[in-house]
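To start, the structure itself, in structure tokens.
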Amino acid sequence: MSDKHNITFSKASFKDFESIPDLDVFQRAGIFKDFTDFMHTDGQMNFRFVTNGCGPSIEVRSPYHDAPKECVSLVSNDYLNFTQHPEVKAAAIKGIADYGTGAGASPLIGGYHTYHLELENKISAFFGRPKESGIVYTTGYTANSATLLALLGEKDCAIVDMAVHASIYEGLLHTNIKRFPHNHTDRLERALKESQSRYLTRLVIIDGVYSQDGDFARMDEIYALTKQYGAYLMVDDAHGIGVIGKNGRGCIEHFGLLDKVDIISGTLSKAFGHIGGFIVSRPEIANYLKFQSRQQVFSSTATPASAGLLKAMDLIDEEPHWRYALAKNADYFKKGLLDLKLDIGSTESPIIPVKIGDAHKTAMAARLLFDAGVYANCIVYPGVSRKDARIRTSLMATHTREHLDKALNAFEYVNQKLKISKYERHT
């Protein structure tokens, strides 16, 4: 059946199954299983494909093909392809040889090893901050969620760009929230004015590069307003660090604010090619989190393989040609998509969306791309608004012109089939 409990499967999204009246969690999961089966049958199951690793071209197993398929990969955030860099691999292997495969305990009670200290101090120095300004988390997600849960309470307030990552919102479950439309500084200023003298802490939270549109925060204006009204600024620059800025320090460097932003959060799973997250702030904030953040107290943390990160951070400075190659690839691919009259929005980064609008047509486009040997992300509600569905592409420094041309040819084919250009889809 395609219609159960007033949910029409052909129009539904994952969000529709979070809460279904009068059904317990096992009944709700059963209905959701029917929905994912429907997606599979309808050719719209574009998620959780099995791959053979990170690279510009990868082998992918999907439910629609009997054999694995070699595809140009446009799904990875491994922007510099450091997951495959021989020196990063060697450093990770040495970390395991020296320390074993795990940390053994939470950082608070015995799981804080030499490589953790080296990594935290290396991250601090990477941003020009003094020692003991950084703290490492198991994931970038928990770097945001666990930090904010520890810092903000019922007498505080977060003022957030509506487009920030889901991990930010999870960290704000126990505090007050004011939201402003994406990059609308006039609405931010209104929120700052309205919140004055009402809360103990007011923390403005933005991304550096936004993960869906690939555009930058208006960080210089946002910083000025934040300080004008006596608040603090936190920037999640997960997609900018290692990629943007003269020296690869991210959007914060691009706007000349490396020594000014109050809290920098980021991930170790994108440009640095591993897994984990971090916070860089004042030493007293980092110290507070080491004892008050529940992830630091009750969960084991980074494995010895993260020793590879020490080398990856060195390579940002030692081998800047990866960053330059990535920028050239992004420029080439954007021009190719624009020549096809496709809508790539306001991207300024290696995240390049192809906006389609209709969720069903977007799913069909993803399937056609895959059939043509191009694996790209199908992003629909609730990842974006219902009318803003898109194919999201992420480029890598190691993509060749042949890879990019194959992808552009595939988009041209999809446009011929589905009329997804911004001109044709509105006619």
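In this text the structure is predicted, and so the values were computed from the model without any measurement.
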Using 4.0 Å as the upper bound for N to carboxylate O, is an ion pair formed by Arg190 and Asp186?
-> no
Would you check if the side chain of Asp215 reaches a backbone N or O of Ser346 as a donor-acceptor pair within less than 3.5 Å?
-> no
Any donor and acceptor pair, going by atom type alone, linking the side chain of Arg187 with main-chain N or O of Pro181 inside 3.5 Å?
-> no
Taking every non-hydrogen atom, the tightest pair across Ala238 and Lys270 = O-CD, 3.5 Å
Side chain to side chain, Val60 and Phe370, heavy atoms closer than 4.5 Å | yes
When you look at Glu120 and Lys290, which way does the side-chain contact (heavy atoms from CB on, under 4.5 Å) test go after all the steps?
-> CA-CA 12 Å; Glu120 288 176 345; Lys290 289 172 184 178; 3.9 Å; yes
Side-chain donor/acceptor pairs under 3.5 Å, residues 93-105, sequence neighbours excluded:
{"unit_1": "Lys94", "atom_1": "NZ", "unit_2": "Asp98", "atom_2": "OD2", "d": "2.6"}

Check step by step if ring-ring contact (aromatic ring centres under 6.0 Å, His included) holds for Phe255 and Tyr223.
-> CA-CA 10 Å; Phe255 286 101; Tyr223 176 80; over 10 Å; no
Quick one: do Arg249 and Asp259 make a salt bridge, cutoff under 4.0 Å?
-> no
For the residue pair Tyr112 and His116, does the interplanar ring angle fall in the parallel (under 30°), tilted (30 to 60°) or perpendicular (over 60°) class?
-> parallel
Would you say Glu154 has more than 12 foreign heavy atoms packed within less than 6.0 Å of its CD?
-> no
Minimum heavy-atom distance Cys54-Asn81, with the two atoms named = O-ND2, 3.9 Å
Taking side chain as C-beta onward, heavy atoms only, is Thr83 less than 4.5 Å from Val88?
-> no
Where the side chain of Asn329 meets the backbone of His399, is there a donor-acceptor pair that is under 3.5 Å apart?
-> yes
Cationic N near anionic O, under 4.0 Å, Asp213 to Arg390 | yes
In this structure, CZ of Phe82 is separated from CG of Leu315 (nearest 0.5 Å) by 4.5 Å
d(Thr362 OG1, Ile379 CD1) to nearest 0.5 Å is 10.0 Å
Least distance between heavy atoms, Cys251 atom then Phe216 atom = SG-CD2, 3.6 Å
What are the two closest non-hydrogen atoms of Ile58 and Gly53, and how far apart are they?
-> CG2-O, 3.3 Å
Between Tyr79 and His239: side-chain donor-acceptor atoms closer than 3.5 Å | yes
Between the side chain of Thr139 and the main-chain N/O of Thr142, is any donor-acceptor distance below 3.5 Å?
-> yes
Per the side-chain contact (heavy atoms from CB on, under 4.5 Å) rule, which among Leu151, Leu203, Ile159 passes with Tyr232?
-> Leu203
So, do Ile391 and Phe411 sit near enough that their side-chain heavy atoms are less than 4.5 Å apart?
-> yes
Side-chain donor-acceptor contact under 3.5 Å, Ser293 with Tyr137 = yes
Considering all heavy atoms of both residues, which atom of Leu188 and which atom of Leu225 are nearest to each other, and what is their separation?
-> CD2-CD1, 4.2 Å
Spell out, as yes or no, whether a donor-acceptor pair under 3.5 Å connects the side chain of Arg323 to the backbone of Lys246.
-> yes
Please examine the side chains of Asn377 and Leu74, heavy atoms only from C-beta on, and report whether any two atoms are closer than 4.5 Å.
-> no
Would you call Lys260-Asp220 a salt bridge at under 4.0 Å N-O?
-> no
Just wondering, do Leu108 and Phe298 contact through their side chains at under 4.5 Å, heavy atoms?
-> no
Tell me, do Gln296 and Leu289 make a side-chain contact under 4.5 Å, heavy atoms counted?
-> no
Do the non-hydrogen side-chain atoms of Leu369 and Tyr375 ever get within less than 4.5 Å of each other?
-> no
Will you find, in the side chains of Glu70 and Ser57, an N or O donor that is under 3.5 Å from an N or O acceptor?
-> yes
Between Asp156 (side chain) and Arg202 (backbone), is there a donor-acceptor pair under 3.5 Å?
-> no
Run the numbers on Lys335 and Asp331 for salt bridge (charged side-chain N to carboxylate O under 4.0 Å, His left out), then give the verdict.
-> CA-CA 6 Å; Lys335 182 180 183 304; Asp331 288 342; over 6 Å; no
Among all residues two or more places apart in sequence or in another chain, which pass the side chain to side chain contact (heavy atoms under 4.5 Å, CB included) test with Thr303?
-> His274, Ala305
Among pairs that include at least one residue of residues 403-412, which meet side-chain hydrogen bond (donor to acceptor under 3.5 Å, both in side chains), considering only residues two or more places apart or in two chains?
-> Tyr332-Asp405, Thr400-His403
Give, for atom OH of Tyr288 and atom CD1 of Ile135, the distance between the pair rounded to the nearest 0.5 Å.
-> 12.0 Å
Aromatic centroids of Phe126 and Phe278 separated by under 6.0 Å | no
What's the spacing between Ile351 CD1 and Gln212 CD if we round to 0.5 Å?
-> 8.0 Å
Test side-chain contact (heavy atoms from CB on, under 4.5 Å) on Glu348 and Val209 and set out the steps.
-> CA-CA 8 Å; Glu348 302 173 78; Val209 177; over 6 Å; no
Within the side chain of Ser349, is there an N or O that forms a donor-acceptor pair under 3.5 Å with the backbone of Gly214?
-> yes
d(Ile205 CD1, Arg179 CZ) to nearest 0.5 Å is 11.0 Å
Could you go step by step and tell me if Phe47 and Thr36 meet the side-chain contact (heavy atoms from CB on, under 4.5 Å) rule?
-> CA-CA 10 Å; Phe47 310 101; Thr36 55; over 6 Å; no
Would you say the side chain of Lys227 lies within less than 4.5 Å of the side chain of Asp262, judging by non-hydrogen atoms?
-> yes
May I ask you to decide if Lys131's main-chain N or O and Ser124's side chain share a donor-acceptor pair within less than 3.5 Å?
-> no
What distance separates Asn77 CG from Met396 CE, expressed to the nearest 0.5 Å?
-> 9.5 Å
Ile123 and Leu268: side-chain contact (heavy atoms from CB on, under 4.5 Å), yes or no, with the steps?
-> CA-CA 10 Å; Ile123 289 171; Leu268 302 169; 4.3 Å; yes
Using modelled atom types only, decide if a donor and an acceptor are shared between the side chain of Asn121 and the backbone of Glu132 within a distance under 3.5 Å.
-> yes
Which atom of Leu309 lies closest to which atom of Ile275, heavy atoms considered = CD1-O, 4.4 Å
Tyr210 and Asn183: side chain donor to acceptor below 3.5 Å = no
Okay, side chain of Glu87, backbone of Lys311: is any donor-acceptor separation there less than 3.5 Å?
-> no
